[in-house]
Trainee: 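Please see the structure below; I have some questions.
Naming convention: chains lettered A, B, ... in sequence-line order (proteins, then strands); numbering from 1 in each chain. None of the values given here were measured: they were computed from a predicted structure.
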Amino acid sequence: MHVLSIREMDPETIDSLISSSLEMKKACRSGGSVPNLSGRVVGMLFLENSTRTRVSFEQAARKLDLGICVFGVQGTSMAKGESLKDTVLTLRYEGIDGLVMRHNCSGAPYLAARFFGGPVINAGDGMHEHPTQALADAVTIAEHKPSIKGLTVAIVGDVLHSRVARSNLWLLSKLGAEVRLVGPRTLLPRHPGHLPVSIHYDLASGIEGADVVMALRMQKERMDGGLVSSMSEYALMYQVNARSLRFAKPDCLVMHPGPINRGLELDDWTADGPNSVINEQVENGVYVRMAVFAAAFESNNGKPKKSQKKAVKA
Amino acid sequence: MKLLLKNGRILDPSQDLDIVGSVTIVDDQIDEVGEKVDERDADEIYDCTGMWITPGLVDLHVHLREPGFSHKETIISGTQSAAAGGYTVICCMPNTDPPLDDPALIDFILDRSASPEAGGVFVAPIGALTKGMKGEQPSNLASLKRAQIVAASDDAYPIQDAQVMMRCMELCRQLDLPVAVHCEEESLTRGASMNEGAMSAMLGLKGMPRTAEEIQVARNCMLSLETGCPLHVLHVSTWGSVEIIKQAKFLGAPVTAEVCPHHFSMTDEDMVPFDTNWKMNPPLRTQVDVDILLGALADGTIDCISTDHAPHAAYEKDRPFDEAPFGIVGLESAVGVALTYLTHKGILSPLETIRRMSTRPAEVYRLDAGTLKKGRTPVAQVTVIDPDVEWTFDVSRTFSKGKNSLYHGMKLKGKAMLTFSGGEVYRDALWAANDRVAV
């Protein structure tokens with residue numbers, strides 16, 4: 001099973017990955033058993049800088065006894081100009097069983113999946129999707145709320161360039177949540193017609209009555225491109241803080257995919273406050289990636305088994 | 001040597017001719033065209049029953065890639081591809097390496113296209129509008145014109161500086177040389193790889209806003225009105241561009257325009273996500289644009305259909321979407337796409353279809369082509385099209401070196417069967433299969 005996007009994933013698969021992640025968490029915490037994937041090796045092709053996602057995948061692999069092989073551009077043949085296609089083919093015939101891929105171009109994992117025999121897991125591609133991050137966020141929400149169905153989720157900030165937003169909006173709406181995108185006109189898609197969302201340019205109305213507020217990272221290079229006037233101007237209008245959170249529900253969860261610019265998207269009080277579940281998102285990321293590895297490898301050569309849940313328990 | 005093309009539907013827009021009849025070619029020249037012709041002493045007889053007999057097709061927008069990029073296409077393979085597509089005259093774009101800004105390079109193209117291995121069709125080169133296509137200093141346009149260029153263009157490198165553009169157009173006005181323009185305000189399209197719209201928002205790909213095209217269409221049309229320089233707007237893709245061109249023509253600017261088959265048959269919604277065979281510039285737009293483009297073809301706001309045949313090697317296209325080059329091949333699918341999406345859908349009559357693919361483009365660049373009138377072309381240029389044959393476009397069976405087509409595997413209705421440029425330069429396998437040749 002490839003994990004390329006949430007958009008193309010059916011709700012049953014999403015549900016089963018979430019419950020499998022929760023089982024992994026339970027097993028890890030109580031010393032229970034998790035699937036053993038020893039004898040398999042996954043290639044970690046990280047062609048864009050990443051710490052948290054890479055480490056999270058590595059941790060997940062270790063817990064499953066899954067061998068890992070980490071590559072960046074530096075120190076590989078890609079630095080000599082080898083194409084992505086040839087790199088993927090090489091890894092395939094060197095016996096790498098699966099591929100975790102981070103790339104700065106949207107859709108690059110689709111290209112890899114065309115030429116790589118085994119499962120390809122998208123660890124973030126350009127501005128397209130970051131499926132495992134969305135799954136980690138969903139697991140975190142599921143632990144705090146009775147159901148994702150019926151929740152109102154506000155995603156605040158630079159949605160235009162955010163692969164996290166593009167995965168989360170699909171996942172949450174597929175599970176029955178109402179998704180709102182909140183941000184300045186320059187950072188929201190100008191043609192959101194295919195996205196199951198509503199658009200809000202005003203923070204207060206955007207997070208009014210929200211059960212979950214997700215702040216997205218503002219990248220400094222966006223400021224330089226003139227998409228916002230300045231850091232302080234952005235913070236004034238879109239910072240998630242005690243003042244703006246008054247509009248959300250009192251038990252509203254505050255989330256952030258990291259890394260946080262403290263004082264910009266969130267103030268300190270909110271990032272570390274009682275509503276914040278940011279550290280849980282990070283922890284759940286490991287369990288989600290365990291569940292994804294298990295599902296990817298325990299489905300025979302890309303054909304999903306009927307019950308992935310059962311496979312994980314075995 | 002006398003060839004008899006017998007009993008076909010003769011479509012010659014240059015004389016508004018739509019009759020059933022025959023055509024004879026004697027010693028490489030058109031001899032007779034009519035309901036009754038002298039059939040005696042024919043050396044070869046082609047039974048064209050059910051076929052269209054048309055002037056050879058003319059494509060104003062082809063990338064032959066030579067010199068410099070012969071791994072993508074060569075003049076030999078490109079002209080063979082043209083012949084197989086029913087084209088007898090193709091105009092090649094100057095974005096080669098080096099760019100076609102030197103008369104010696106024009107000589108090279110003309111020499112190579114006349115070589116016996118080539119497709120036997122005419123190549124009419126388009127010269128670089130500025131030196132090195134850098135958008136700074138005009139090329140030696142008078143020398144290039146003497147070397148037989150038919151137009152000047154910085155296609156693919158649209159001139160951003162309006163002052164440079166205006167001076168180039170003044171010079172071309174003086175030389176009576178059409179200027180062909182790829183219209184793109186690059187400050188709006190940096191890093192973009194598809195149409196900006198609902199699809200790009202969904203796929204997380206940076207989009208090119210339609211206004212990036214329209215801003216330059218408007219600027220260039222106004223400069224044409226101001227200077228009187230003939231302006232040809234390449235590959236129009238948005239409804240806004242159509243409206244601007246319509247207005248420019250109304251104001252009396254000497255403006256012409258073309259549309260590519262993919263832009264009137266496909267939208268960004270049709271594209272297979274991240275499949276680079278759907279990546280071209282300008283990008284596929286939306287259904288509104290397609291509808292307006294079809295109307296503009298029918299009412300003549302858009303003068304002609306060009307392919308923007310842009311071959312690339314497979315290894316160049318097998319890259320992430322953002323990194324892959326723009327462009328798709330078009331010469332061998334154009335007739336099929338045009339007939340399927342225009343003629344068979346009732347958008348254009350058969351005669352008007354041929355006008356937009358042969359007679360009108362010839363007029364735009366003042367080429368001796370696009371007509372079955374005796375003595376009006378250097379040699380007989382005739383295409384025989386089977387309008388009703390249903391076939392599946394298969395890139396593995398094309399002559400072009402480029403296999404980058406979004407039409408691969410699609411069913412099309414209508415195909416060029418025979419191409420004559422003087423003598424026969426292409427005969428389709430389907431023609432032989434139907435046992436149509438009688439000697």
Side-chain angles (χ1 to χ4, degrees), chain A residues 4-8 45 47-48 78 81-89 101-115 122 124-131 158-167 169-170 181 187-197 199 221 225-226, chain B residues 71 186-212 214 238-240 267-279 283-289 312-326 403-404 408:
Chain A
L4 299 176
S5 75
I6 300 288
R7 178 173 55 86
E8 294 156 307
L45 199 51
L47 304 174
E48 188 188 72
M78 295 194 82
E82 186 176 55
S83 71
L84 180 60
K85 172 185 166 179
D86 286 328
T87 302
V88 164
L89 282 172
M101 190 173 159
R102 160 71 61 99
H103 201 286
N104 62 341
C105 290
S106 299
Y110 287 73
L111 180 74
R114 258 174 70 204
F115 298 106
N122 182 359
D125 61 329
M127 308 186 296
H128 177 227
E129 285 221 31
H130 194 347
D158 182 7
V159 175
L160 192 64
H161 302 95
S162 174
R163 53 192 170 216
V164 174
R166 256 177 212 84
S167 279
L169 63 89
W170 285 113
L181 304 182
L187 295 178
L188 294 187
R190 291 178 58 228
H191 305 272
H194 284 337
L195 306 176
V197 297
I199 297 282
E221 53 266 33
Chain B
H71 62 289
E186 289 177 333
S187 61
L188 288 172
T189 61
R190 236 161 257 140
S193 52
M194 66 176 291
N195 179 46
E196 184 186 81
M199 281 300 278
S200 67
M202 188 175 88
L203 297 175
L205 289 167
K206 187 164 184 235
M208 304 184 176
R210 52 185 57 251
T211 41
E214 291 155 359
T238 76
W239 67 262
T267 70
D268 60 353
E269 301 286 329
D270 298 317
M271 92 181 237
V272 179
F274 306 117
D275 182 340
T276 57
N277 285 332
W278 294 74
K279 178 177 176 177
L284 298 175
R285 305 286 187 182
T286 65
Q287 192 60 45
V288 181
D289 299 291
H312 293 290
Y315 71 83
E316 295 170 312
K317 278 288 196 180
D318 280 340
R319 284 157 82 174
F321 200 84
D322 284 336
E323 294 176 354
F326 290 102
K403 305 302 176 191
N404 46 314
H408 177 64

Trainee: To the nearest 0.5 Å, what is the distance between NE2 (A/His194) and CE (B/Met199)?
Mentor: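 Between A/His194 NE2 and B/Met199 CE, I get 5.5 Å after rounding to 0.5 Å.
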
Trainee: For a side chain to side chain contact (heavy atoms under 4.5 Å, CB included) check, start with the C-alpha distance between A/Arg7 and B/Leu203, then their side-chain angles and the critical distance, and finish with the verdict.
Mentor: CA-CA 10 Å; A/Arg7 178 173 55 86; B/Leu203 297 175; 3.5 Å; yes

Trainee: Show, in sequence, the C-alpha distance, side-chain angles and deciding distance for A/Leu84 and B/Glu323, and conclude whether the side chain to side chain contact (heavy atoms under 4.5 Å, CB included) test is met.
Mentor: CA-CA 11 Å; A/Leu84 180 60; B/Glu323 294 176 354; over 6 Å; no

Trainee: Below 4.5 Å, heavy-atom pairs only: which of B/Pro209, B/Gly197, B/Ser200, B/Pro273 has the largest tally toward chain A?
Mentor: B/Gly197

Trainee: For the residue pair A/Arg166 and B/Met202, what are the closest heavy atoms and their distance?
Mentor: CD-O, 3.5 Å

Trainee: Can you tell me if CH2 on B/Trp278 sees more than 12 non-hydrogen neighbours from other groups inside 6.0 Å?
Mentor: yes

Trainee: Measure the CG-NE2 distance between B/Asp322 and A/His103 for me, rounded to the nearest 0.5 Å.
Mentor: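 If I round to the nearest 0.5 Å, the distance is 9.5 Å.
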
Trainee: Identify the two heavy atoms, one from B/Gly204 and one from A/Ser106, that lie closest to each other, and give their separation to 0.1 Å.
Mentor: O-OG, 2.5 Å

Trainee: Where on B/Glu269 is there a heavy atom nearer than 4.5 Å to chain A: the side chain, the backbone, both, or neither?
Mentor: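 Just its side chain gets close to chain A.
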
Trainee: Under a 3.5 Å distance rule, please check whether B/Arg319 uses its side chain to pair with a backbone N or O of A/Lys85 as donor and acceptor.
Mentor: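 Judged by distance alone, no pair lies under 3.5 Å.
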
Trainee: Please look at A/Arg163 and chain B and tell me whether the side chain, the backbone, both or neither of the residue comes under 4.5 angstrom of a heavy atom of that chain.
Mentor: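 Contact with chain B is absent: no heavy atom of A/Arg163 under 4.5 Å.
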
Trainee: Describe, in one word, how the ring planes of A/Tyr110 and B/Phe274 are oriented to each other, choosing from parallel (under 30°), tilted (30 to 60°) and perpendicular (over 60°).
Mentor: tilted

Trainee: Find the distance between NE2 (A/His191) and CG (B/Asp268) and round it off to the nearest 0.5 Å.
Mentor: 10.0 Å

